[in-house]
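Shown next, in structure tokens, is the structure this report addresses.
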Amino acid sequence: MFLKFKHEVKSALKSALDTTGYSIDDLYIEESAHSDLASSLSFRLASKYKQNPMTIAITIADAITIPENSLIDRVEVAGAYINFFVSKKFLNDTIYEIFEKQDSYGAGHGKGKAIIEHTSANPNGPLHVGHIRNSIIGDTLARILKKVGYDVEVQYYANDMGRQIAIVAWALDRFEFDRRKKTDHAIADVYIRANQELGDDPDLSQQIDEMMQKIELGDERMIERFDRATDLAISGITSTLERMNIHHDRFVYESRFVKDGEVADVLQELEGSGLAETIDGALTVRMPEFDKDLVIRRSNRTSLYVTRDLAYHRWKAEQCDRMIDVLGADHKLISSQLCYVLRVCGIKEPEIVIFEFVSLPEGSMSTRAGKFIPADDLLDQVEKQALVEVTKRRPDTGEDFRKRVSVPVGIGAVRYDIVKISPEKATTFDWESALDFDKLGAPFIQYSHARARSILRKTSGVPDSIDPSVLTGDAEISLVKQLARFSHVANTAASDLKPHIMAIYARELAEAFNQFYRLSPVLSAPDNLRDARIGLVECARIVLAGVLDVLGIDAPESM
RNA sequence: GGGCUCGUGGCUUAGCCAGGAUAUAGCGCCGGACUUCUAAUCCGGACGUCCCGGGUUCGAAUCCCGGCGAGUCCGCCA
């Protein structure tokens with residue numbers, strides 16, 4: 001509804017410009033604290049036409065004609081801004097639309113197929129608190145894209161033939177694998193130990209090199225060893241992701257691009273077209289833009305990560321309209337080099353979402369060095385703390401209830417706490433704030449939803465039709481306005497690939513509902529107002545549930 | 001050394017790409033509201049050189065230049 005309103009504002013403004021004879025390429029329409037939409041175009045016109053901006057604003061505002069049944073109520077000029085306000089019809093239509101569309105409310109104009117790749121952590125240990133920033137950003141983006149209408153496929157690109165996996169495979173033969181532990185954690189144990197042992201020993205390093213050559217040549221025994229290592233890690237990673245409501249539609253293994261010859265094709269193509277040349281025995285792409293050339297085939301003929309990644313992207317590009325990669329900041333250079341090669345080959349480039357690092361107070365994390373906090377530990381601790389919080393706040397409930405509620409509250413808190421931060425911000429993990437439920441935002445939103453549910457449980461059902469025009473209180477109106485923003489926010493989040501704006505919207509929506517809740521009694525209101533308010537609560541419930549779903553956060557019925 | 005990112009009240013943070021009206025919100029701090037649909041709530045208050053210095057502009061947190069500080073990358077690793 002907000003988008004429709006914006007369109008009406010645009011066309012009203014345009015025709016007013018036509019009648020007044022001003023012309024400008026942009027209408028400078030923006031959201032404002034002073035109105036529902038505002039335009040600052042009179043400032044631009046002022047310098048262009050050498051006139052007073054206030055005079056221009058008034059002239060244009062006077063020329064605006066609001067059609068019958070418009071979503072625009074009125075136009076006002078303040079400080080040379082032209083302010084637009086929504087009409088009663090806007091509010092009513094918003095409620096009707098939510099009633100009609102129910103769970104599908106908020107869908108946007110996304111079309112086509114989107115492939116989004118996220119997490120893709122090396123299978124050499126469990127996910128740690130840095131990896132899950134990738135997972136949560138990626139999963140939220142996938143959900144946002146789905147919401148706005150894309151056909152979304154989520155992929156995990158698993159590195160099953162890199163040096164790290166060779167080390168894991170080597171370690172599995174050498175050290176005891178602790179079967180009592182979750183498999184990904186046990187993998188990390190042997191991997192860390194192997195790295196200690198390998199140290200700078202060139203003889204041992206030579207063994208790893210030999211393993212990598214064998215895997216590249218398709219040695220059966222070696223493939224089995226690598227696969228075993230990969231599977232053990234991936235199965236542990238998958239179960240961690242499941243706990244966070246994160247699902248991948250497809251695991252794409254790097255090795256397939258070597259096996260099926262796509263890597264060879266890419267190399268041949270680059271070599272044949274003269275884009276790559278042999279330097280010191282290694283096939284290299286000259287990169288004038290980066291003052292650093294890119295090796296795509298080692299002198300021992302094995303491929304590199306980036307080579308396989310090229311084949312992967314070439315394969316993906318043909319299957320989708322939008323190709324999105326969520327990557328850590330350490331991938332900035334290599335991913336722009338990848339894009340450079342794709343570009344010169346005439347292959348579609350991915351849209352890349354870069355997130356900055358999560359570090360520990362004592363420094364950056366490293367799986368190899370064993371310096372990391374496993375995501376499983378964080379989830380365990382947060383769930384435990386959530387149980388303490390639920391127990392404290394709901395002494396009236398039984399143990400079953402508390403345990404059942406503490407899981408979504410804990411997991412939701414983790415997801416929200418991570419997604420609410422803009423990806424380009426580097427963060428530091430610390431236990432105290434990770435477990436401080438006064439700071440965590442998700443319960444606030446979940447609580448609003450639970451309150452809406454609670455009211456609805458006490459009614460004999462939502463009326464079939466309501467008269468929204470009796471909803472005239474400030475809190476009611478600002479709640480409806482927030483409800484109307486959903487698809488607008490989803491569309492912006494999808495086109496800019498910014499999941500955090502959805503998190504911020506969720507908070508603002510919950511805030512509007514809580515204010516309404518405090519100010520506007522529902523059950524004790526007189527008949528027609530009571531019905532209308534029940535209807536509004538139902539709308540809020542639908543949208544709160546919808547937003548939480550887009551954020552991948554469960555919405556408890558009660559908490 | 002070069003590239004990229006970040007720098008906003010005590011802490012965390014929105015806004016920056018597409019410059020505009022009193023700079024967003026949470027935590028913490030001070031004070032108020034539960035005989036009323038769950039107070040994980042709501043209301044009010046204090047707290048700001050938007051890192052610094054120039055420039056562009058009628059107007060700069062936002063754009064440009066130069067600093068400073070933090071993070072990160074610069075492998076025939078991934």
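Chain letters run A, B, ... following the sequence lines, proteins first, then strands; residues in each count from 1. Scope of the values below: all heavy atoms of this structure, side chains included, with no hydrogens, waters or symmetry mates.
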Side chain of A:S558, base of B:U38: donor and acceptor closer than 3.5 Å?
yes
Syn or anti for B:C47, please, going by whether the chi angle lies within 90° of 0.
anti
Search all heavy atoms of A:P126 against all heavy atoms of A:F372 and return the closest pair with its distance.
CG-CE1, 3.8 Å
Using the salt bridge (charged side-chain N to carboxylate O under 4.0 Å, His left out) rule, collect all pairs that involve residues 505-529 of chain A, keeping only residues at least two apart or in two chains.
A:R485-A:E508
Give a yes/no verdict on a cation-pi contact between A:R451 and A:F513, requiring under 6.0 Å between NZ or CZ and the six-membered ring centre and an angle within 45° of the axis.
no
Which heavy-atom pair separates A:S448 from A:N514 by the least distance, and what is that distance?
OG-ND2, 3.2 Å
For A:S520, which contact category applies under a 4.0 Å heavy-atom criterion: base, sugar-phosphate, or nothing?
base
Taking any heavy-atom pair under 4.0 Å as a contact, classify A:E254: base, sugar-phosphate, or nothing.
sugar-phosphate
For a quick check of understanding: with a heavy-atom distance under 4.0 Å over all strands, which category does A:T302 fall into, base, sugar-phosphate or nothing?
nothing
Using only side-chain N and O atoms of A:K458, determine if any of them is under 4.0 Å from OP1 or OP2 of B:U38.
yes
Atom C1', compared across B:A61 and B:G19: separation rounded to whole Å:
10 Å
Under 3.5 Å, side chain of A:H331 to main-chain N/O of A:L327, donor-acceptor pair present?
no
Assign A:D436 to base, sugar-phosphate, or nothing according to its heavy-atom contacts below 4.0 angstrom with the strands shown.
nothing
In whole Å, measure the gap between the P atoms of B:U49 and B:C11 for me.
12 Å
Quick one: closest heavy-atom pair of A:L440 and A:S433, and the distance?
CD2-O, 4.1 Å
Distance check, P atoms only: B:U62 and B:U38, in whole angstrom units.
48 Å
Between atom CG in A:D330 and atom C1' in B:G75, what is the gap in whole Å?
14 Å
Which residue in the set A:R297, A:E254, A:E216 passes side chain to side chain contact (heavy atoms under 4.5 Å, CB included) when paired with A:S303?
A:E216
Mind checking A:K332 for me? I need base, sugar-phosphate or nothing, with any heavy atom below 4.0 Å counting as a touch.
base
Rounded off to whole Å, could you give me the CE-to-P distance for the A:M502 and B:A25 pair?
20 Å
Starting at CZ of A:F43 and ending at P of B:G59, how long is that distance when rounded to a whole Å?
12 Å
Tell me: OH of A:Y28 to C1' of B:G19, nearest whole Å?
9 Å
Between B:A18, B:G28, B:U38, which one does the side chain of A:D438 approach most closely?
B:G28
Heavy atoms under 4.0 Å, any strand shown: does A:A46 hit a base, just sugar-phosphate, or nothing?
nothing
Any base atoms under 4.0 Å from A:N83, or only sugar-phosphate, or nothing? Heavy atoms, all strands.
base
Between A:L529 (CG) and B:C37 (C1'), how many Å, whole number?
14 Å
Could you tell me whether the side chain of A:S299 has a donor or acceptor atom within less than 3.5 Å of a complementary atom in the base of B:C76?
yes
Between A:E356 and A:K332, is there a salt bridge with N-O shorter than 4.0 Å?
yes
Examine the base of B:U22 for any acceptor or donor lying under 3.5 Å from a partner atom in the side chain of A:H34, and report the outcome as yes or no.
yes
Tabulate protein N/O versus nucleotide N/O from nucleotides 40-46 of chain B, keeping only pairs under 3.5 Å, one per line.
unit_1 : atom_1 : unit_2 : atom_2 : d
B:A40  : OP1    : A:Y447 : OH     : 3.3
B:A40  : O4'    : A:R393 : NH1    : 2.5
B:U41  : O2'    : A:R451 : NH1    : 3.0
B:U41  : O2     : A:R518 : NH2    : 2.4
B:C43  : OP1    : A:Q515 : NE2    : 2.8

Given B:U38, B:U72, B:C73, the nucleotide with the shortest approach to the side chain of A:L333
B:C73
Complement of B:C4, any strand, by Watson-Crick or G-U distances under 3.5 angstrom
B:G71
Has A:S454 got a side-chain N or O lying under 4.0 Å from the OP1 or OP2 atom of B:U38?
yes
Just to be sure I understand the rule, does A:I421 reach a base, reach only the sugar-phosphate, or reach nothing, if contact means heavy atoms closer than 4.0 Å?
sugar-phosphate
Rounded off to whole Å, could you give me the CZ-to-C1' distance for the A:R507 and B:U12 pair?
12 Å
Residue A:R298, side-chain heavy atoms: nucleotide from B:C76, B:A14, B:C37 that is nearest
B:C76
Please report the distance separating the P of B:C47 from the corresponding atom of B:A33, rounded so that it comes out in whole Å.
24 Å
Measure the shortest side-chain to side-chain distance between A:L338 and A:I334 over non-hydrogen atoms and say whether it is less than 4.5 angstrom.
no
Spacing of the P atoms in B:A21 and B:G32 (rounded, Å):
36 Å
Return the nucleotide paired to B:A25: Watson-Crick means purine N1 to pyrimidine N3 with N6-O4 or O6-N4, wobble means G-U with N1-O2 and O6-N3, both under 3.5 Å.
B:U12
In the strands shown, is B:U35 matched to any nucleotide by a Watson-Crick or G-U wobble pair with both distances under 3.5 Å, and which?
none
Nearest-angstrom distance from the residue atom CZ of A:R163 to C1' of B:C76
10 Å
Determine the minimum heavy-atom distance between A:Q446 and A:V409, stating which atoms define it.
OE1-CA, 3.7 Å
Can you tell me how far P of B:G75 sits from CD1 of A:I279, to the nearest Å?
14 Å
So A:A80, base contact, sugar-phosphate only, or nothing? Heavy-atom distance under 4.0 Å.
nothing
A:H500 side chain N/O closer than 4.0 Å to the phosphate oxygens (OP1, OP2) of B:G15?
yes
Any side-chain heavy atom of A:V341 within less than 4.5 Å of one from A:M287?
yes
On RNA chain B, more 5' by nearest nucleotide between A:L440 and A:S40 is A:S40
Main-chain N/O of A:I137 paired with A:H118 side-chain donor or acceptor, under 3.5 Å
no
Taking atom P in both B:C64 and B:U5, compute the distance separating them and give it to the nearest angstrom.
11 Å
Are A:F2 and A:E31 close enough that some pair of their side-chain heavy atoms sits under 4.5 Å apart?
yes
Between B:A39 and B:C50, how far apart are the two P atoms, rounded to whole Å?
40 Å
Anything under 3.5 Å between a protein N or O and an N or O of nucleotides 6-9 of chain B, put it in a table, one pair a line.
unit_1 : atom_1 : unit_2 : atom_2 : d
B:G7   : OP1    : A:K425 : NZ     : 3.0

With a 4.0 Å cut-off on heavy atoms, is A:I504 in touch with a base, just the backbone sugar-phosphate, or nothing at all?
sugar-phosphate
State whether the side chain of A:Y416 and the backbone N or O of A:A503 hold a donor-acceptor pair below 3.5 Å, judged by distance alone.
yes
Does A:R44 reach a base, just sugar-phosphate, or nothing at all? Heavy atoms under 4.0 Å.
base
Gap in Å between the two C1' atoms, one belonging to B:U56 and one to B:C73, rounded:
33 Å
Could a donor-acceptor pair under 3.5 angstrom be found where the side chain of A:S32 meets the base of B:A21?
yes
